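A short worksheet on the structure shown next.
The structure presented is a predicted model; accordingly, all values stated were derived computationally and were not measured. Remember, it's 1-based here, ligands and their atoms both numbered in the order they're listed.
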Amino acid sequence: MKVAKFGGSSVANAEQLRKVGNIIKSDPKRKFIVVSAPGKRFKNDTKVTDLLIQLGNAYHNQQNYEVFLVAILERFQEIINDLEIDLSLLSEIENNIKVALRVEGKPESKMDAIKAIGEDSSAKILSAYLNQNNISAQYMNPKDAGIFVSEEPGNAQILPESFELLYKLREKDHILVIPGFFGYSKTGKLVTFSRGGSDITGSIVAAGVKADIYENFTDVDSVYSVNPNIVNNPKEITTLTYKEMRELSYAGFSVFHDEALIPAFREKIPVCIKNTNNPDAPGTFIIAEKEASEKCVVGIASDTGFCSLYVSKYLMNREVGFGRRLLNIFEDEGISFEHAPSGIDDMSVIFRVNNFTKDKEKIVVDRIKDELKVDTVSLHRDLAVIMVVGEGLVNTVGVAGKAASAFAKANVNIEMINQGSSEVSMMFGIKDTDIDAAIRSLYQTFFE
Ligand code: ASP
């Protein structure tokens with residue numbers, strides 16, 4: 001039994017949906033289908049989810065929201081017309097949007113109800129299209145499927161009881177088409193996962209029905225060893241472990257949502273990233289364990305938008321509880337930290353810069369000075385993080401040396417290195433303007 005998830009580009013228009021239909025038809029094991037909302041058809045196009053968010057914001061701010069409503073309905077109308085599906089589905093979608101706009105309660109809950117319409121409509125369209133082509137399929141709402149989640153708007157977490165409920169779906173005869181991206185809270189509220197969260201639904205369904213494989217269809221043949229926007233035609237990765245994928249997607253590998261790995265990983269369900277536009281390509285497999293291969297580095301990921309706060313205090317190493325008190329200030333201010341490399345008399349805290357406003361900065365810095373009596377505190381907002389990832393890293397001699405010379409060759413200064421506790425990655429902090437040069441040089445060193 002397979003769970004197949006189709007991302008935004010795979011359901012962006014009728015032509016893509018026909019490919020999806022053929023993929024489903026070509027393998028009777030593809031019993032559970034999860035879909036995203038229609039994504040971009042071309043480079044500067046707008047995703048339906050983004051249109052829905054714009055619609056929700058305009059409505060909330062009492063601005064003219066009609067333009068967005070029209071744009072959304074036009075997208076669906078085009079698909080429905082091209083696929084020659086019954087037009088009544090379009091009125092149903094329009095009605096669903098109006099119902100969502102009237103959802104009461106917190107604005108974020110209303111926004112979730114609006115956002116979910118993209119996926120919900122995609123699932124209804126695909127199911128109608130499959131039936132029209134003599135493939136017996138049924139649209140299934142996440143509530144009926146048993147996807148129950150925490151009540152955190154825009155950031156739902158799956159509740160454990162869902163998995164048992166989902167297991168019962170195995171008894172169904174037809175293909176089930178489930179919209180990705182949202183579930184329901186115990187009190188019956190619709191709650192979405194974080195952005196890109198249809199991958200999470202797919203993984204949850206795969207874990208629940210104990211699928212043999214979770215296929216994640218996107219628009220690339222495989223996961224690449226490095227961002228193809230930085231290096232031309234980088235090597236494709238054929239197999240990755242969950243741990244490696246986790247580290248790579250943390251730092252900018254956007255092919256697969258980082259939270260989506262957890263359900264599949266717990267049930268040890270292999271994930272295969274495949275291309276809707278080239279379904280015969282083998283794709284990239286993500287599995288629990290793999291043979292130790294010669295190449296210890298499988299991929300290099302990078303992400304910008306980090307901030308580093310550096311503190312130093314003479315004899316810090318003898319001051320019991322210093323690290324805890326420093327991190328406590330971050331906790332109090334609601335900032336989640338990513339890394340905290342430390343030395344004898346100094347410590348840095350690395351965190352994502354989003355939401356770290358200038359006001360917040362002042363509060364944090366003042367508190368550190370007052371409460372911890374440090375000698376220095378300084379802040380750098382232009383930090384990028386590079387992760388060199390591979391399970392074989394721990395047992396291979398000289399990787400750090402090779403990486404360091406690659407940075408030197410590119411004339412890039414390393415601000416920070418952290419290999420510490422992770423057995424699968426080495427983290428380097430550099431200035432964000434140096435990222436492309438550093439990645440190219442690292443790629444040359446490890447892959448060419
Ligand atoms: N449509 C949602 C988004 O754009 C979820 C997804 O596509 O996975 O974030």
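In this structure, a donor-acceptor pair under 3.5 Å is present between the side chains of N277 and Q16.
Listed for the R170 side chain is a donor-acceptor partner under 3.5 Å among the backbone atoms of V209.
Within the structure, ligand 1 lacks G8 among the residues with a heavy atom less than 4.0 angstrom away.
Ring planes of F256 and Y214: tilted class, angle from 30 to 60°. Taking the six-membered ring for Trp and thresholds of 30 and 60 degrees, F428 and F407 have ring planes inclined between 30 and 60 degrees apart.
One finds the CD1 atom of I269 at 12.0 Å from the CG atom of L261 (value rounded to the nearest 0.5 Å).
Counting the atoms of ligand 1 from 1 in the order shown, those under 4.0 Å from a heavy atom of K47 are 4 (O). Close approach to G196 involves these atoms of ligand 1, each under 4.0 Å from a residue heavy atom: 3 (C), 5 (C), 6 (C), 8 (O), 9 (O).
Atom 5 (C) of ligand 1 has E119 OE2, 3.4 Å as its closest protein atom, hydrogens excluded (heavy atom only). Closest protein heavy atom to atom 7 (O) of ligand 1: S36 OG, 3.1 Å. The protein non-hydrogen atom at the shortest distance from atom 3 (C) of ligand 1 is R195 NE, 3.3 Å.
Nearest residue to atom 6 (C) of ligand 1 from G118, G154, S198 is S198 (criterion: closest heavy atom).
Between D219 and K40 no salt bridge is recorded (no basic side-chain N to carboxylate O distance below 4.0 Å).
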